[in-house]
Each structure stands twice: as structure tokens, then as C-alpha cells.
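Computation of the quantities below employed the complete heavy-atom set of this structure, encompassing side-chain atoms and omitting hydrogens, waters and symmetry-equivalent molecules. Residue numbers begin at 1 in each chain, while the letters A, B, ... track the order of the sequences.
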Amino acid sequence: MTTNAVETRPVAPAPAADEPPRRPKKAQRAWDEVPRWQIYLPLSIYLVFTLVPFYWILLFALRPAGSTSLVPWPMTFEHFEKVWTERSFGTYFENSVYVGIATLVMTTLVALAGGYALARFDFKIKRGFMLALLCSQFVPGALLLVPLFQIFAELSMINSLGSVIIAETVFQLPLSMILISNFIKNVPYSLEEAAWVDGCSRFRAFVTIVLPLLRPGLIAVGSFAFVHSWNHFLFALMFLSNQEKQTIPVGLNTLLSADSVDLGALAAGGIIAAVPVVVVFAFIQKWLITGFSAGAVKG
Amino acid sequence: MAQAAAVAKKPAPPRRRRGSATPRRLPYLLIAPAALLMLGFIAYPVISVFYYSLQDYNPTKPWRNGFAGLDNFVHAFTEDPLFWDTLVFSAKWVVVEVGLQLMFGLALALIVNQTFVGRAIGRALVFSPWAVSGVLTSAIWVLLYNSQTGITRYLADLGIGEYGTSWLSDTSTVFSAVVVADLWRGVPFFAILILADLQSVSKDLYEAAEVDGASRVQQFLHITLPHLKDAIILSTLLRAVWEFNNVDLLYTLTGGGPAGETTTLPLYVANTSVDAHNFGYASALTTVAFVILLFFSIVYLRLSKFGGDNK
């Protein structure tokens with residue numbers, strides 16, 4: 001029925017996973033359509049599962065304390081005001097923004113340099129370095145809390161956002177570098193060489209020719225770094241004991257672990273935590289799948 | 001000069017600006033920042049974990065610190081029932097979570113890969129929990145599972161279940177409760193990766209299969225699944241390691257309770273070091289976890305054919 005689909009490019013019919021086969025009526029069309037209900041029914045059920053929790057937190061954030069109404073009406077912003085000032089989410093938010101942006105910048109720059117070396121050169125320790133990158137993806141930060149704490153204590157960086165920024169960057173690096181080197185490999189080397197012939201330095205050729213082509217990949221990697229450091233909380237919990245320095249996830253954890261949880265404040269705090277992530281993803285969504293399929297598939 | 005640059009895949013540029021590094025040194029300079037960071041903040045900590053695993057080390061009880069030999073390991077394997085419990089729970093947690101996430105993620109990817117009205121918004125909504133943090137997931141599900149004002153109250157209003165049911169504090173329901181909460185966030189991971197891979201299946205294959213009268217299930221089994229095989233194996237393995245390692249959700253949702261019912265090995269380590277400050281013992285437990293992870297990473301390297309083609 002809906003042959004006038006929104007999409008401009010028809011997609012080959014992949015079969016629904018758990019539905020019995022229905023013989024195509026006739027092969028007059030090159031690809032037959034899956035019955036609509038086989039798409040909309042499971043999708044709707046899954047969407048209910050996905051969206052009810054989001055609705056639930058919105059409901060608690062917006063309805064007055066003690067209300068049991070299932071719609072957030074009368075609407076109130078008292079929980080947001082309370083969490084932002086009394087529970088210091090304003091400060092936490094600022095700290096999280098610093099950590100997120102600094103991690104994004106550091107991860108992208110360091111991974112770009114390393115990724116370029118991996119994509120364009122053969123050098124002695126390359127194999128060993130790749131092996132180290134792949135293996136370090138298996139080393140969990142959670143298991144290194146104690147030695148990391150000691151290192152940062154040695155460097156007098158406990159209670160400084162720098163410790164969290166370094167730790168987040170380090171654990172983002174391996175994957176980011178592998179992804180970026182794959183993106184760079186997809187850019188033909190001859191483009192750079194042509195620029196050298198025209199008298200460009202290697203660096204300038206990279207910046208003017210390669211970098212613009214890496215945009216989807218860099219956006220994917222950078223937003224991962226940002227979102228990951230925004231969301232992650234163990235490092236901040238461990239390295240930042242001073243309340244002034246803490247980040248949003250630690251603030252949420254404090255609300256969660258209180259003896260009697262203030263549900264309205266928790267919900268409002270959760271929404272504050274989610275907003276930047278939602279904004280980032282709304283902005284980058286179209287690059288994300290491209291970035292993934294370009295970089296990750298051969299990874 | 002050009003011979004010196006033989007390390008580079010291609011001959012060096014005919015003219016080089018002054019001040020630029022020679023190609024022989026350039027790759028090392030480029031990986032230096034990453035290598036230094038990883039040496040200092042991954043390799044060194046890993047080695048120090050091995051060192052501390054042989055020590056009694058507790059900053060709150062400095063008088064007992066010192067060399068302990070294998071005592072920590074002996075204690076873990078022979079005297080600490082909690083250690084075995086956490087190992088068993090870790091295995092159960094990883095298998096159940098990854099299995100269900102893969103199943104639902106695959107089905108979901110196949111659905112949103114179809115052409116239908118509202119596909120873009122459908123995809124965005126279905127994928128949306130993916131970026132939600134472990135702590136926020138906990139916050140959301142604490143609200144949902146709350147015994148007084150959570151979903152059970154409204155279900156009870158409809159005559160389903162009883163008032164005051166608290167799924168998170170009952171040992172018989174807590175496992176399903178945390179599994180569902182983590183599924184909510186984890187399914188989109190597989191859905192996104194599989195969808196990305198689905199888009200590279202050649203349409204001609206399906207058309208040919210259709211001409212030959214292959215049913216949709218046959219097409220799935222003989223075209224789609226073989227194409228997805230590598231992506232599925234690798235993402236499953238990575239996800240298994242991730243589910244094993246990631247403690248955010250369990251730490252904040254249940255804290256490993258009730259009664260240690262939901263403590264994975266890494267969570268036990270985190271609790272032992274953060275709360276009990278028993279760093280020596282925590283390091284020994286970490287070493288055990290590393291051995292498990294080492295096994296996974298060897299499998300991963302084998303499967304990803306490391307070094308097989310020019311990666």
C-alpha cells in the first residue's frame with residue numbers, strides 16, 4: 001500500500017525475524033513489501049517499553065511532590081529549581097561541561113595524530129602498538145580505580161577535574177584511534193600526494209585535504225568522547241571528593257543513595273543530566289550511522 | 001632523502017617545508033602522546049595491581065601492610081564464598097544480558113531497516129535509550145520500581161499484582177528487575193551496529209533469491225545472517241566484556257544487593273576498594289578478573305583476525 005514511502009531509496013526486504021514466511025504473491029515487483037502490521041505491531045510494543053520509562057521520569061519531574069496523577073498537571077518546576085540550587089546541580093553541570101569538552105578535545109587530537117600514523121605509515125612497533133590498543137579495550141577502568149587514585153594522588157591531582165579528564169581520555173583513546181585510522185584509510189592517499197606535488201607540506205595537505213573528509217568520523221568519535229565522559233561516574237566518584245568539584249552523575253548517585261530518596265528531585269536531576277546528551281544526539285544522528293558503517297565495520 | 005623515507009608507504013613529498021619531521025621519526029612522534037598516556041594510566045596501573053595483589057594493603061589499617069605472598073588469592077579461592085557467588089553471578093549476568101540484547105537488537109534492526117512511514121522518527125525513538133548513562137538508567141528505574149509510587153501501584157490499581165511490591169528489594173525478583181533495566185539501555189547498541197551492517201547487504205542478492213522463490217525466512221537464513229555473522233560475533237564479544245566490566249548500573253541501582261544477589265566480580269572489587277579500602281585484596285580480585293578478560297581478548301583477537309590482513 002505504502003509504496004509512496006518517505007524514503008527515496010527503496011531498501012531490500014530483510015525478513016522479519018520471527019514471523020512465518022509469506023510467499024510473495026508474484027514476482028512482478030523486484031522487492032515485495034513486508035506486511036505493514038509486521039512492522040508496526042512489534043515496533044509499537046517495543047516503543048512502549050522504550051518510552052514509558054522516559055515518560056515516567058518526566059512525570060515525576062514535572063508534577064508536584066506527593067501527587068499521584070498520571071499526567072504532569074498542574075505542572076511545576078519546583079523540583080528543577082530545588083535540584084539546581086539546593087542540590088548544587090548548577091555547579092555539577094558546569095563541572096560536567098568542562099570535563100566533557102576537555103575530554104572531547106584531548107581525545108580527538110591525540111587520536112587523530114595516532115590514527116594518522118597508523119593509517120599512513122609502516123613502522124617497527126606498529127603491530128605491537130595495534131595489539132596494545134585492541135587489548136586495552138578489555139581493561140576496565142573500574143578495576144583500576146585504586147592504582148589510578150594513587151597516581152593522581154602522587155601528581156596532586158585529586159580533587160582536580162584534570163584527573164577525571166585524563167582518565168576519561170585515556171580509556172576513550174584506544175577505540176577512538178582505531179576508528180579514526182580506519183576513517184583516514186578510506187581517504188585515498190593520492191589526494192595527499194597530489195597536494196604535496198603542488199607544494200603543500202604534509203601537515204597542510206592533511207589539514208586542507210584530509211580533515212574536511214573526516215568530518216562524519218570526527219563527529220562520531222568526538223560525540224562519543226563527550227557523551228561517554230558526561231555519563232561516566234566512577235572516576236569522578238573516586239577522584240573528586242570535594243563537593244564543589246563533582247559532576248552530574250555523582251550528584252545523581254548522591255540523590256539515589258540518600259536514605260529517603262527525594263523522587264521529584266531525582267527525576268529533575270535525571271532530566272538535567274539527559275538534556276545535553278539528547279541535544280548532542282539530535283544534532284549528530286545522521287552522521288552517526290554513516291560514521292559507524294564507514295569506520296566500525298572493518299574495525 | 002627519499003631512500004630514508006622508505007618506511008613511508010609512498011615516496012616522500014618532493015619538497016618538504018623546513019621544520020617538518022622526517023618521515024622516519026614522524027610516526028613515532030604522532031603516536032607518542034597516545035602511547036605515553038596509555039603507558040602511564042593503563043599499563044602502569046595494571047602492573048601495580050599485580051604488585052599489590054601480593055601485598056596486604058589497606059590505607060585505613062597501615063599497621064598491617066606488608067608482603068602477603070599469595071594469601072590474598074588463597075583467601076579468595078578458599079575462604080571467601082562471596083567471591084564464588086560473584087563469579088557465578090557475573091557469568092549469569094553476562095550470558096542473559098548479551099543473549100537477550102542480541103535477540104531483541106537483531107529483531108529491531110531488521111524491523112527499522114524496512115521502508116515504512118515514520119521510519120526516521122521510529123529509529124530515533126527506538127535508539128534513544130542508548131546514550132543514557134548507567135546512573136540515569138538507575139534513576140529512571142528506581143522511579144519505576146518504587147514500591148509506593150512506581151509502576152506496581154498503578155498495575156495494582158488495575159488489579160495486577162499487589163500494592164507495595166518492591167521488585168528491587170525482593171531476592172526472587174531483583175534479577176529480572178535489573179535485567180530489564182539494563183536491556184532497556186542495551187538493546188539499541190546491537191540494533192545500531194546490526195543496522196549499520198545491514199545497509200551494506202547487496203540488494204541484488206535478495207532480488208536473485210526472490211526470483212528463485214526463496215521465502216523470507218530462507219532469505220534471512222542464507223543471505224542476511226551469513227552477512228551479519230562477523231559483526232554479530234565481534235559485537236557480542238565486545239558487549240560481553242562491556243557487560244562484565246561495567247558497574248555503573250548495578251552499583252547505583254542495587255549496590256550489589258539485596259544480600260549480594262546482584263554483585264558482579266568488578267562490582268565486588270569496587271565495593272572492596274571504595275568502601276572497605278582493602279586495596280590488597282581488591283587487587284588480587286582484579287588480577288583474577290584480568291585472567292578472565294585475557295581469555296576473552298585472545299578469542300577476540302583470533303576472531304578479528306588480528307594481523308591477518310593489513311589492519
Please look at B:R185 and chain A and tell me whether the side chain, the backbone, both or neither of the residue comes under 4.5 angstrom of a heavy atom of that chain.
neither
When rounded to the nearest 0.5 angstrom, what distance separates CZ in B:R119 from CD1 in A:I39?
9.5 Å
B:S128 versus A:F54: any side-chain heavy-atom pair under 4.5 Å?
yes
Shortest non-hydrogen contact between A:M177 and B:A34, atoms and distance:
CE-CB, 3.3 Å
Aromatic plane relationship, B:Y154 with A:W56 - under 30° parallel, 30 to 60° tilted, over 60° perpendicular:
perpendicular
Distance in Å, B:S138 OG paired with A:L255 CG, rounded so as to fall on 0.5 Å steps:
12.5 Å
Need one label for B:A124: side chain, backbone, both or neither, based on atoms under 4.5 Å from any heavy atom in chain A.
both
Heavy-atom distances under 4.5 Å only: say whether B:A139 touches chain A with side chain, backbone, both or neither.
both
Quick check for you: to the nearest 0.5 Å, what is the distance between B:R24 atom CZ and A:F121 atom CZ?
12.0 Å
Considering all heavy atoms, the nearest B:G40-A:I151 contact:
O-CD1, 3.5 Å
Leading residue by heavy atom contact count with chain A [cutoff under 4.5 Å; candidates B:G134, B:A270, B:P45]
B:P45
To the nearest 0.5 Å, what is the distance between CZ (B:R123) and CG (A:L43)?
11.0 Å
Between A:V278, A:N253, A:V227, which residue shows the highest count of heavy-atom pairs closer than 4.5 Å to chain B?
A:N253
Chi angles and distances behind the side-chain contact (heavy atoms from CB on, under 4.5 Å) call for A:V52, B:W184
CA-CA 11 Å; A:V52 162; B:W184 177 77; over 6 Å; no
Might you point out which heavy atoms bring B:T115 and A:R36 nearest each other, and give the distance in Å?
O-NH1, 3.0 Å
Less than 4.5 Å apart, side chain to side chain, heavy atoms only: is that true for A:T50 and B:L125?
no
Max heavy-atom pair count under 4.5 Å with chain A, selected residue of B:Y251, B:W242, B:F296:
B:Y251
Rounded distance [0.5 Å steps], CD1 in A:I57 versus CG in B:L144
9.0 Å
Side-chain contact test, heavy atoms from C-beta onward, threshold under 4.5 Å: evaluate it for B:Y44 versus A:L144 and give yes or no.
no
Is the shortest side-chain heavy-atom distance between B:V135 and A:L256 below 4.5 Å?
yes
Check the orientation of A:Y46 and B:F104. Use parallel for under 30°, tilted for 30 to 60°, and perpendicular for over 60°.
tilted
Can the ring centroids of B:F41 and A:F171 be said to lie less than 6.0 angstrom from one another?
no
Measuring heavy-atom distances to chain A, does B:V112 have an atom under 4.5 Å in its side chain, in its backbone, in both, or in neither?
side chain
Select, from B:L267, B:V132, B:V49, B:V126, the one with the greatest count of heavy-atom pairs under 4.5 Å involving chain A.
B:V126
If you compare all heavy atoms of B:A289 against all heavy atoms of A:L143, which two are closest, and at what distance to 0.1 Å?
CB-CD1, 3.6 Å
Which pair of heavy atoms, one from B:L30 and one from A:A117, lies closest together, and at what distance?
CB-CB, 3.7 Å
Highest number of heavy-atom pairs under 4.5 Å with chain A among B:D204, B:L238, B:V46, B:L108 belongs to B:L108
B:S133/A:H232 under side-chain contact (heavy atoms from CB on, under 4.5 Å): CA gap, chis, key distance, verdict
CA-CA 7 Å; B:S133 71; A:H232 190 230; over 6 Å; no
Kindly determine whether B:V241 and A:Q137 satisfy side-chain contact (heavy atoms from CB on, under 4.5 Å), including the steps that lead there.
CA-CA 9 Å; B:V241 171; A:Q137 286 184 70; over 6 Å; no
Using a cut-off of under 4.5 Å for heavy-atom pairs, which of B:L143, B:L37, B:L293, B:V142 has the most such pairs with chain A?
B:L143
Between B:M38 and A:L133, does a side-chain contact (heavy atoms from CB on, under 4.5 Å) hold up when you go through it step by step?
CA-CA 9 Å; B:M38 286 168 56; A:L133 285 183; 3.7 Å; yes
Of B:P33, B:S48, B:P129, the largest count of non-hydrogen pairs under 4.5 angstrom with chain A goes to B:P129
B:A32 versus chain A, the contacting section by heavy-atom distance below 4.5 Å
neither
Determine whether the aromatic ring centres of residues B:W130 and A:F224 are separated by less than 6.0 angstrom.
yes
Tell me, out of A:I166, A:L59, A:L51, who's got the most heavy-atom pairs with chain B below 4.5 Å.
A:I166
dist A:F138:CZ -> B:F244:CZ (nearest 0.5 Å) comes out at 12.5 Å
Enclosure of B:F50 CZ (heavy-atom neighbours >12, cutoff 6.0 Å):
yes
A:I125 vs B:I31 side-chain heavy atoms within contact, under 4.5 Å:
yes
Could you tell me which portion of B:Y51 (side chain, backbone, both or neither) has an atom closer than 4.5 angstrom to a non-hydrogen atom of chain A?
neither
Between B:Y28 and A:K124 the two heavy atoms that sit nearest each other are OH-N, 3.1 Å
